[in-house]
Amino acid sequence: MKSIQVTQFGGPEKLVFTDVKDVVAEKGEVCVRLYAAGVNPSDTYTLSGTYAFSIPQLPYTPGLDGAGVVEAIGEEVTNVHVGDRVFIASLMGSKNTGTFAQKVVCDATLVHPLPSHVSFEQGAALGVPALTAYRALFQRACLKPGQTVLIHGASGGVGLQVVQMAKSHGAKVIGTASKPEGKKMVQQAGADFVTDHVTEATIEDVLALMDGNGPDVIIEFLANKNLETDLKLIAPFGKIVIVGNRGSIDINPRLAMQKECDILATALWNAPKDEYEQSIHGVIGMLTSGALRPIIGTTLPLQQVSQGFEQLEKGIGNGKLVLIID
């Protein structure tokens with residue numbers, strides 16, 4: 001079967017499209033014929049060989065998320081059947097193959113039914129992004145209906161799902177983006193207001209969207225640049241959840257003291273088993289009801305995955321990056 005193989009850590013040039021040995025489902029496992037795979041920023045970190053959460057044994061096939069049809073099941077598998085449309089959610093820590101391939105074998109607990117109204121591309125956009133969005137909003141921020149949420153960087157694969165989940169929960173949502181195409185996607189996702197990323201100069205303009213009150217929750221995707229601004233913007237006793245960060249920042253802790261706000265962080269790989277399972281049930285419920293509708297940005301054929309990694313590293317593109325697998 002065709003697959004992406006990594007035999008050396010490094011940059012996108014280390015992603016090789018090649019033939020590999022077919023995979024076989026053993027006891028408790030499922031073999032899925034994949035038609036789409038999601039590309040996450042964490043995939044680029046893993047490729048570097050320096051990612052604290054995952055340093056796989058070489059050679060390996062990248063990819064945590066995907067969607068396709070069950071081709072075979074091992075003994076004692078009862079949650080899916082041959083021929084089922086499914087999505088795969090987060091293979092971090094799995095001993096099995098990754099999703100950047102025509103087929104993947106993984107533990108049956110990571111395979112979930114894909115509703116008929118959801119495309120394979122959308123199914124591949126779930127997994128890490130959807131579980132991260134759910135964890136940030138409901139397990140870290142403990143979002144309540146009627147609260148106001150600001151998503152600082154809402155046009156990415158995770159941010160757009162945060163918008164949809166928050167709206168489905170009865171929150172008022174403000175999303176930020178830097179480019180017109182990104183703003184259009186945030187609006188499409190259902191945000192009540194869409195604006196540029198918040199800066200020191202625009203805090204008052206954003207507060208005006210909330211009648212002068214700060215947001216109860218801020219979901220932050222670039223903390224090293226925005227955290228001090230977030231502290232000035234957040235409502236008293238509010239919660240800032242850090243999902244993304246690319247460096248260090250100097251802040252005055254007194255800003256947090258003045259608001260008595262909480263600065264929280266989330267990394268999906270830290271989720272206890274029970275919270276992971278709660279997230280999956282929550283995501284499937286919103287997916288089935290139509291409240292969650294993953295928005296696809298760029299699609300590329302599997303053999304052009306290195307181009308996709310380059311886009312992620314440069315911060316190019318909006319929506320979810322998905323690989324199409326023939």
Please say yes or no: joined through hydrophobic side-chain contacts below 4.5 Å, possibly via intermediate residues, are Val173 and Met210 part of one cluster? no
Do the non-hydrogen side-chain atoms of Leu300 and Leu321 ever get within less than 4.5 Å of each other? yes
Looking only at heavy atoms, which two atoms of Gly175 and Ala154 are closest? And how far apart? CA-CB, 3.9 Å
What heavy-atom pair brings Val82 and Ala72 nearest, and what distance separates the two atoms? CG2-CA, 4.0 Å
Give a yes or no answer on whether the side chain of Asp84 reaches the backbone of Val86 with a donor-acceptor pair at less than 3.5 Å. no
Roughly how far apart are Asp192 CG and Thr148 OG1, rounded to 0.5 Å? 8.5 Å
Is the shortest side-chain N to carboxylate O distance from Lys183 to Asp196 below 4.0 Å? yes
Separation of Ser306 OG from Leu47 CG (nearest 0.5 Å): 10.5 Å
Parallel, tilted or perpendicular, as decided by the 30° and 60° cut-offs, for the rings of His152 and His197: tilted
Using a distance-only test with no angle check, is there a side-chain donor-acceptor pair under 3.5 angstrom linking Thr195 and Thr176? no
Considering all heavy atoms, the nearest Ala191-Val163 contact: N-CG1, 3.6 Å
Ion pair check, Lys2 and Asp326, cut-off under 4.0 Å: no
Let me confirm one number: the CE-NZ distance from Met1 to Lys21, rounded to the nearest 0.5 Å. 11.0 Å
May I ask you to check whether over 12 heavy atoms, not counting those of Glu275, lie within 6.0 Å of atom CD? yes
Flag yes if Ile242 and Phe53 sit in one hydrophobic cluster, no otherwise; membership is Ile, Leu, Val, Met, Phe, Trp, Tyr, and two members link when side-chain heavy atoms are under 4.5 Å apart. no
Side chains of Asn40 and Lys320: any donor to acceptor distance under 3.5 Å? yes
Restricting to non-hydrogen atoms, name the atom on Ser168 and the atom on Met286 that form the minimum distance, rounded to 0.1 Å. OG-SD, 3.5 Å
In the single-linkage hydrophobic clustering (I, L, V, M, F, W, Y; side-chain heavy atoms under 4.5 Å), do Leu207 and Ile240 co-cluster? yes
Identify, with sequence neighbours excluded, every residue that meets side chain to side chain contact (heavy atoms under 4.5 Å, CB included) alongside Ala133. Val158, Gln161, Val162, Met165
Can a side-chain donor-acceptor contact be found between Ser279 and Gln139 if the only test is distance below 3.5 angstrom? yes
Once rounded to the nearest 0.5 Å, what's the spacing between atom CD of Gln307 and atom CG of Leu323? 10.5 Å
Residues in salt bridge (Lys or Arg N to Asp or Glu O under 4.0 Å) with Glu260, at least two apart? none
Between atom CG of Leu268 and atom OG of Ser42, what is the distance when rounded to the nearest 0.5 Å? 8.5 Å
State whether Arg33 and Glu71 are salt-bridged, where the test is any N-O pair (Lys NZ or Arg NE/NH1/NH2 against Asp/Glu carboxylate O) under 4.0 Å. no
Looking at Glu310 and Lys314, is there a salt bridge between them, counting it only when a charged N and a carboxylate O are closer than 4.0 Å? no
Looking only at atom types and distance, does a side-chain atom of Gln304 sit under 3.5 Å from a main-chain N or O of Pro301, one as donor and one as acceptor? no
Relative to the ring of Phe309, is the ring of Phe100 parallel (under 30°), tilted (30 to 60°) or perpendicular (over 60°)? perpendicular
Can you tell me how far OG1 of Thr202 sits from CG of Leu233, rounded to the nearest 0.5 angstrom? 8.5 Å
Any pair counted as ring-ring contact (aromatic ring centres under 6.0 Å, His included), so long as it reaches residues 14-36, sequence neighbours left out: Tyr35-Phe120
Taking the side chain as every heavy atom from C-beta outward, state whether Val16 and Val6 have any pair of such atoms under 4.5 Å apart. no
Heavy-atom closest pair, residues Gly66 and Thr99: N-CG2, 4.0 Å
Given Thr229 and Leu231, is the side chain to side chain contact (heavy atoms under 4.5 Å, CB included) satisfied, shown in steps? CA-CA 5 Å; Thr229 303; Leu231 287 168; over 6 Å; no
Trace of the side chain to side chain contact (heavy atoms under 4.5 Å, CB included) decision for Glu220 with Val243: CA-CA 6 Å; Glu220 178 55 64; Val243 176; over 6 Å; no
Taking Arg140 for its side chain and Leu264 for its backbone only, find out whether a donor-acceptor pair lies under 3.5 Å. no
Examine the side chains of Trp269 and Tyr276 and answer whether a donor and an acceptor come within less than 3.5 Å of each other. no
Decide side chain to side chain contact (heavy atoms under 4.5 Å, CB included) for Ile88 and Leu34; before the verdict, give the C-alpha distance in whole Å, the side-chain angles of both, and the deciding distance to 0.1 Å. CA-CA 10 Å; Ile88 297 161; Leu34 293 163; 3.9 Å; yes
Examine distances only and state if a side-chain atom of Asn79 and a backbone atom of Val111 form a donor-acceptor pair shorter than 3.5 Å. yes
Looking at Leu222, is its backbone amide N or carbonyl O close enough to the side chain of Asn245 to form a donor-acceptor pair, meaning the two atoms are under 3.5 Å apart? no
Linking I/L/V/M/F/W/Y whenever any side-chain heavy atoms sit under 4.5 Å apart, do Phe221 and Tyr45 land together? yes
Kindly assign one of parallel, tilted or perpendicular to the pair His112 and Phe87, based on the angle between their ring planes and the thresholds 30° and 60°. tilted
Would the number of heavy atoms belonging to other residues, nucleotides or ligands and lying under 6.0 Å from NZ of Lys225 be above 12? no
Within the 3.5 Å criterion, strictly below it, is a donor on Gln5 or Thr61 matched to an acceptor on the partner's side chain? yes
Scanning both residues in full, the closest heavy-atom pair of Met185 with Ile296 reads CE-O, 4.0 Å
Is the side chain of Arg293 donor-acceptor paired with the backbone N or O of Gly290 at a distance under 3.5 Å, no angle test? yes
Set out, in order, the CA-CA distance, both residues' side-chain angles and the distance that settles side chain to side chain contact (heavy atoms under 4.5 Å, CB included) for Val241 and Ile218, then state yes or no. CA-CA 6 Å; Val241 182; Ile218 296 177; over 6 Å; no
I'd like to check Gln147 versus His169 (side-chain heavy atoms, cut-off strictly below 4.5 Å). Are they in contact? no
